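Remember, predicted model here, so these are calculated numbers, not experimental data.
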Amino acid sequence: MSNTKARERINNLLDDNSFVEIGALVKARSTDFNVNETDTPSDGVVTGYGLINGELVFVYSQDPDVLGGSIGEMHAKKIMNIYDKAIDMGAPIIGLIDSSGFRVQESVDALEAFGQIYFMQVGAYGVIPQITMLFGECGGALSVLSKLSDFTYMEETSAKLFVNSPNTIADNKTVDSSSAKYQAEVGNVDFVLPEAEIYTNVRNLISTIPSNSSVPAVDAETTDDLNRGVDIEDKISNPINAIQELSDDGFVMEVKKDFSKDIVTAFIKLNGATVGVVANKEFDGASKLTTDGLKKASDFVITCDSLGLPILTLTNCEGFDSSFETEKDGVSEASNLVFAFSNATVPKVNLIVGKAIGSGYMIMNSKATGADMVYAWPKAKVSVMEPKKAAEVMYGDSSKVSEFDKLQGDIQNVASRGYIDSIIEPIDTRKYLIGAFEMLYTKEI
């Protein structure tokens with residue numbers, strides 16, 4: 001049977017002997033440009049269903065050896081058929097991409113086919129998880145298909161993702177804009193890994209996220225102590241270390257780790273349940289929000305909300321980064337983050353671990369923008385602006401810094417106004433967070 005590479009990839013992904021193929025006998029039917037002279041087994045895409053860790057998933061895998069894995073009418077219909085079944089069954093769909101794009105020989109029929117896949121993807125958004133795995137070329141119109149997914153994986157050496165072919169970009173001599181490294185750094189892909197590790201990571205992801213939006217967040221057994229103390233107060237400048245300490249048995253799946261220097265996004269486990277984390281990360285000695293960080297955070301919050309996953313924020317933010325980039329795109333990206341948090345209906349918990357200054361306080365999941373529970377560590381600071389600047393504005397005297405800080409920045413004063421639910425010791429953070437999410441488990445969403 002042909003399509004060896006496409007089937008081999010499916011078998012590497014799914015549980016042993018679990019794959020059931022659908023539409024194996026489908027071939028291209030267009031007769032334009034003598035395409036009928038070429039054999040097109042399965043029309044260049046293998047489709048079907050199987051199991052990952054015992055969970056039902058639907059898959060399609062493109063074969064670059066059949067007309068370059070290009071998408072034509074029948075190719076697209078096979079993918080849409082699998083989407084229909086995945087939506088009906090409430091199961092994730094996974095696309096293994098290796099394609100030259102739309103099938104030129106089928107002209108407008110191929111363009112229409114692409115549009116129909118887009119429409120199907122949009123209809124599936126927020127209903128079932130959509131995952132794409134890029135192994136070869138993913139260019140032009142196909143790059144949109146990749147971005148419409150909830151999660152995108154990219155093989156680190158051979159995969160190419162681009163809108164226009166790299167050789168058409170005038171200033172592309174020093175940087176390969178289609179490479180996995182570049183696409184990860186600009187935030188277009190979530191994970192960049194060697195091929196063997198992609199299969200393992202996707203299998204872990206399937207066990208971490210719900211199979212559809214109508215089932216509860218993934219909740220598994222854990223042997224980790226629910227009341228375990230955590231030594232994380234000194235780890236908050238690089239929060240990946242802190243959330244690893246918080247999570248059951250140190251489980252962390254970081255998303256878009258190569259994108260933005262100021263925000264960490266990841267999945268962790270608390271009492272067996274999956275939680276999405278958004279945390280500020282210090283850079284250049286400060287904790288400022290950049291436009292990349294704002295975009296990374298809002299995209300992740302929207303994804304968690306669409307999948308029904310609760311959200312935890314670790315807030316340590318002094319406001320916005322001072323740069324031309326911030327002036328150019330900061331307003332738009334900041335408003336997107338406010339919208340994402342305010343619009344999210346899943347359980348939302350905020351922990352203020354450091355500074356929460358001005359706009360940084362408001363847009364990082366504050367009570368005002370919809371947080372269900374807000375905690376703070378005793379040394380946390382919440383203020384309208386940095387104490388020195390505030391003292392100069394209010395008193396015209398920078399010597400009043402300590403007076404202002406005591407009056408306004410002290411966390412006890414913030415809690416007395418009801419903006420913080422509890423002040424907790426860092427060592428007790430894990431048990432408080434577990435308690436909060438357990439209380440919020442039945443929140444109507």
Side-chain angles (χ1 to χ4, degrees), residues 10 13 20 22-23 26 43-50 52 55-62 69-97 99 101-103 106 108-134 138 140-153 161 163 188-190 202 205-206 208-218 255 276 298-309 336 339-340 343-346 445:
I10 288 175
L13 174 66
V20 178
I22 298 173
V26 172
D43 202 26
V45 61
V46 178
T47 57
Y49 63 92
I52 289 182
E55 298 288 334
L56 176 67
V57 298
F58 288 81
V59 295
Y60 65 91
S61 179
Q62 295 175 315
S70 59
I71 295 180
E73 179 190 13
M74 300 307 293
H75 184 121
K77 283 185 176 180
K78 290 183 66 176
I79 293 174
M80 289 186 287
N81 180 46
I82 289 299
Y83 258 94
D84 272 332
K85 288 180 169 54
I87 293 170
D88 288 344
M89 299 307 299
I93 187 160
I94 306 171
L96 292 76
I97 305 298
S99 170
F102 71 86
R103 189 169 296 166
E106 295 190 23
V108 179
D109 290 336
L111 291 176
E112 181 70 12
F114 253 112
Q116 290 171 345
I117 295 175
Y118 293 165
F119 189 77
M120 187 69 75
Q121 284 186 281
V122 173
Y125 177 76
V127 180
I128 56 172
Q130 301 176 70
I131 300 168
T132 54
M133 305 161 65
L134 311 185
C138 181
L142 197 60
S143 65
V144 178
L145 181 149
S146 165
K147 193 62 177 175
L148 283 172
S149 300
D150 296 301
F151 301 97
T152 302
Y153 287 78
L161 177 61
V163 176
N188 286 332
V189 296
D190 299 286
V202 171
L205 179 64
I206 290 295
T208 300
I209 60 178
S211 58
N212 64 71
S213 60
S214 64
V215 299
V218 175
V255 181
S298 61
D299 285 351
F300 188 72
V301 169
I302 291 168
T303 296
C304 288
D305 187 50
S306 74
L307 295 173
L309 291 171
N336 287 341
F339 180 87
N343 194 56
T345 58
V346 294
I445 60 175

Chemist: Partners of Lys85 by side chain to side chain donor-acceptor pair (under 3.5 Å), sequence neighbours excluded?
Modeler: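 Lys85 satisfies side chain to side chain donor-acceptor pair (under 3.5 Å) with Asn81 only.
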
Chemist: Can you give me the closest heavy-atom contact between Val301 and Ala340, atom names plus distance?
Modeler: CG1-O, 3.6 Å

Chemist: Can you name the side chain to side chain donor-acceptor pair (under 3.5 Å) partners of Thr132, sequence neighbours left out?
Modeler: Thr152

Chemist: Is any side-chain heavy atom of Val346 closer than 4.5 Å to one of Cys304?
Modeler: no

Chemist: Taking all heavy atoms of Asn212 and all of Val215, pick out the closest pair and write down the distance.
Modeler: O-CG2, 3.2 Å

Chemist: Just wondering, do Leu13 and Ile52 contact through their side chains at under 4.5 Å, heavy atoms?
Modeler: yes

Chemist: Listed by chain and number, what are the ring-ring contact (aromatic ring centres under 6.0 Å, His included) partners of Tyr83, not counting sequence neighbours?
Modeler: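 Here no residue qualifies.
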
Chemist: Salt bridge (Lys or Arg N to Asp or Glu O under 4.0 Å): which pairs involve residues 298-309, sequence neighbours left out?
Modeler: Lys295-Asp299

Chemist: Go through the structure and list residues passing ring-ring contact (aromatic ring centres under 6.0 Å, His included) with Tyr60, not counting sequence neighbours.
Modeler: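 With neighbours one apart ignored, the set is empty.
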
Chemist: Looking at side-chain heavy atoms only, is the closest gap between Ile206 and Pro92 below 4.5 Å?
Modeler: yes

Chemist: Decide yes or no for Met89 and Ile128: does some side-chain heavy atom of the first lie under 4.5 Å from some side-chain heavy atom of the second?
Modeler: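 Side-chain contact under 4.5 Å: no.
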
Chemist: Tyr125: what forms a side chain to side chain contact (heavy atoms under 4.5 Å, CB included) with it, not counting sequence neighbours?
Modeler: Gln130, Asp150, Ile302, Ser306

Chemist: What residues form a side chain to side chain contact (heavy atoms under 4.5 Å, CB included) with Ser61, not counting sequence neighbours?
Modeler: Ala6, Arg9, Ile10, Leu96

Chemist: Sort out for me which residue in Met74, Lys77, Lys78 forms a side-chain contact (heavy atoms from CB on, under 4.5 Å) with Val45.
Modeler: Lys78

Chemist: Report the distance from atom OG of Ser146 to atom CG of Leu134, rounding to the nearest 0.5 Å.
Modeler: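 Going from the OG atom of Ser146 to the CG atom of Leu134 covers 4.5 Å.
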
Chemist: Do Phe151 and Thr303 have side chains that approach each other closer than 4.5 Å (heavy atoms only, starting at C-beta)?
Modeler: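 In short, these two side chains touch, coming nearer than 4.5 Å.
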
Chemist: Output the distance between atom CG (Asp190) and atom OG (Ser149), rounded to the nearest 0.5 Å.
Modeler: 9.5 Å

Chemist: With Val163, which residues qualify under side chain to side chain contact (heavy atoms under 4.5 Å, CB included), at least two apart?
Modeler: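 For Val163, the residues satisfying side chain to side chain contact (heavy atoms under 4.5 Å, CB included) (neighbours in sequence not counted) are Ser143.
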
Chemist: Would a 4.5 Å heavy-atom cut-off, applied to side chains only, mark Pro129 and Ser211 as touching?
Modeler: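 Counting from C-beta outward, Pro129 and Ser211 never come under 4.5 Å.
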
Chemist: Can you measure from CD (Gln62) to CD1 (Ile79) and round to the nearest 0.5 angstrom?
Modeler: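 Answer rounded to 0.5 Å: 5.5 Å.
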
Chemist: List the atom pairs, with distances to 0.1 Å, where a side-chain N or O of residues 110-123 and a protein N or O form a donor-acceptor pair under 3.5 Å, not counting sequence neighbours.
Modeler:
{"residue": "Tyr118", "atom": "OH", "partner": "Ala141", "partner atom": "O", "Å": "2.5"}
{"residue": "Gln121", "atom": "NE2", "partner": "Leu145", "partner atom": "O", "Å": "2.9"}

